[in-house]
Protein chains: 2
Amino acid sequence: MLDAKDMKILEILMKDGRKPFTEIAKELNTSESSIRKRVRKMEKEGIIKGYIAVIDPSKIGYNVVALTGFDTDPQNFLMVAKKLCEFEEVKKVYTSTGDHMIMAEIWAKDGQELTNIIFNKIGKIEGIKKVCPAIILEQLK
Amino acid sequence: MLDAKDMKILEILMKDGRKPFTEIAKELNTSESSIRKRVRKMEKEGIIKGYIAVIDPSKIGYNVVALTGFDTDPQNFLMVAKKLCEFEEVKKVYTSTGDHMIMAEIWAKDGQELTNIIFNKIGKIEGIKKVCPAIILEQLK
DNA sequence: TTTGAAAATTGGCCTAA
DNA sequence: TTAGGCCAATTTTCAAA
């Protein structure tokens, strides 16, 4: 299904999602149309879900990013996870095994705002039993 | 430093990193060159760190993604974090507060490969005291 | 901000494996 | 049937005024 050339294209686009097809073609010693048709196919098949700009949160005033685990009672599990997605400050939501059934990445301007988001806004969701925020100190990769 | 228009541009690019400047300009009722100059400036300042394609790991054979916490003795903490970055399978590395000082996102083809990566490759790094993998079941956002 | 030239993308049509 | 080559039209980017 995916051959070596597709994988190389993906590797390149995972590092630079804006690299022109013409340049990718040059790097892989092939034609632009070949690259373009492969990329379009992978987009259609959902292999490439999209392209996003990567922002440094601290540079736009979000000085506190927290990986936050949530414990819920089993009845409200999915509802809680979906509600979490609705918050603008919640950038990512996963369900997972391990210590917490739900993990979320939350951006806040400072500690006070994080407290407010977690305990006043999110904490009010029915079914949440416990909240475990871990503040990210540095992203190394 | 960042005005409202910059923030709107960032919001748009965080959702679609490939949206042409001309389209963004139309949405924000301004000119293409204005948008482009603002974007270039934010790129230069490191506010926009780059652009990446978002890949569905399961569609390229990575069926197991694990958020993994690492405990280390304090002497080896930074060295461990840096070593982790060198593994191709380790896609993200954070230092953080909370249960584990280091958090990493690891991609593997299956459970067996994850076990191999965590215990045979990564686990051999000096100073690692404990490994706590949580397998991501679903990404909701 | 406007303008015009260069570069990249797009779509259609074609051939070959 | 599918991947890739080719070409012409459109769109986007870019630098200078």
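A salt bridge links B/Glu27 to B/Lys19: at least one charged side-chain nitrogen sits closer than 4.0 Å to a carboxylate oxygen. The pair A/Asp3-A/Arg38 meets the salt-bridge criterion, since a charged nitrogen lies less than 4.0 angstrom from a carboxylate oxygen. A salt bridge does not link A/Glu32 with A/Lys26: none of the charged nitrogens is closer than 4.0 Å to a carboxylate oxygen. Ionic pairing of A/Lys121 and A/Glu89 is present here: one or more N-O contacts between side-chain nitrogen and carboxylate oxygen are shorter than 4.0 angstrom.
Relative to the six-membered ring of A/Tyr51, B/Arg18 meets both conditions, a distance below 6.0 Å and an angle of at most 45° to the axis. Relative to the ring axis of B/Tyr62, B/Lys109 places its NZ or CZ within 45° and under 6.0 Å from the centre.
Residue B/Arg18 has no polar side-chain atom (N or O) positioned under 4.0 Å from OP1 or OP2 of D/dT12. Between A/Thr22 and the phosphate of C/dA8, there is a side-chain N or O to OP1/OP2 separation shorter than 4.0 Å.
The separation between A/Lys44 atom NZ and C/dG11 atom P is 11 Å, rounded to whole Å. To the nearest angstrom, P of D/dA3 lies 17 Å from CG of A/Leu28. Summarising the geometry, the separation between CZ on A/Arg38 and P on C/dT9 is reported as 17 Å, rounded to the nearest angstrom. One can place CD1 of B/Ile24 at 17 Å from P of D/dT11, the figure rounded to the nearest angstrom. Rounded to whole Å, the distance from CD1 on A/Ile35 to C1' on C/dA8 is 14 Å. Distance A/Lys19 NZ to C/dA7 P: 18 Å, rounded to the nearest Å. Per the geometry, NZ belonging to B/Lys26 stands 17 Å off C1' belonging to C/dT1, to the nearest Å. Between the P atom of D/dG4 and the NZ atom of A/Lys41 lies a distance of 9 Å, rounded to the nearest Å.
Checking D/dT12, C/dA8, D/dG4 against every side-chain atom of B/Glu23, the shortest atom distance belongs to D/dT12.
Side-chain contacts under 4.5 Å among hydrophobic residues (ILVMFWY), followed directly or transitively, place B/Ile52 together with A/Ile52, A/Val54, B/Val54.
Heavy atoms of B/Arg40 sit under 4.0 angstrom from primed sugar atoms or phosphate atoms, though from no base atom.
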Tabulated below should be each protein N or O lying under 3.5 Å from an N or O of nucleotides 5-8 of chain D; please produce it.
unit_1 : atom_1 : unit_2  : atom_2 : d
D/dG5  : OP2    : A/Ser31 : OG     : 2.0
D/dG5  : N7     : A/Ser33 : OG     : 3.1
D/dG5  : O6     : A/Lys37 : NZ     : 2.0

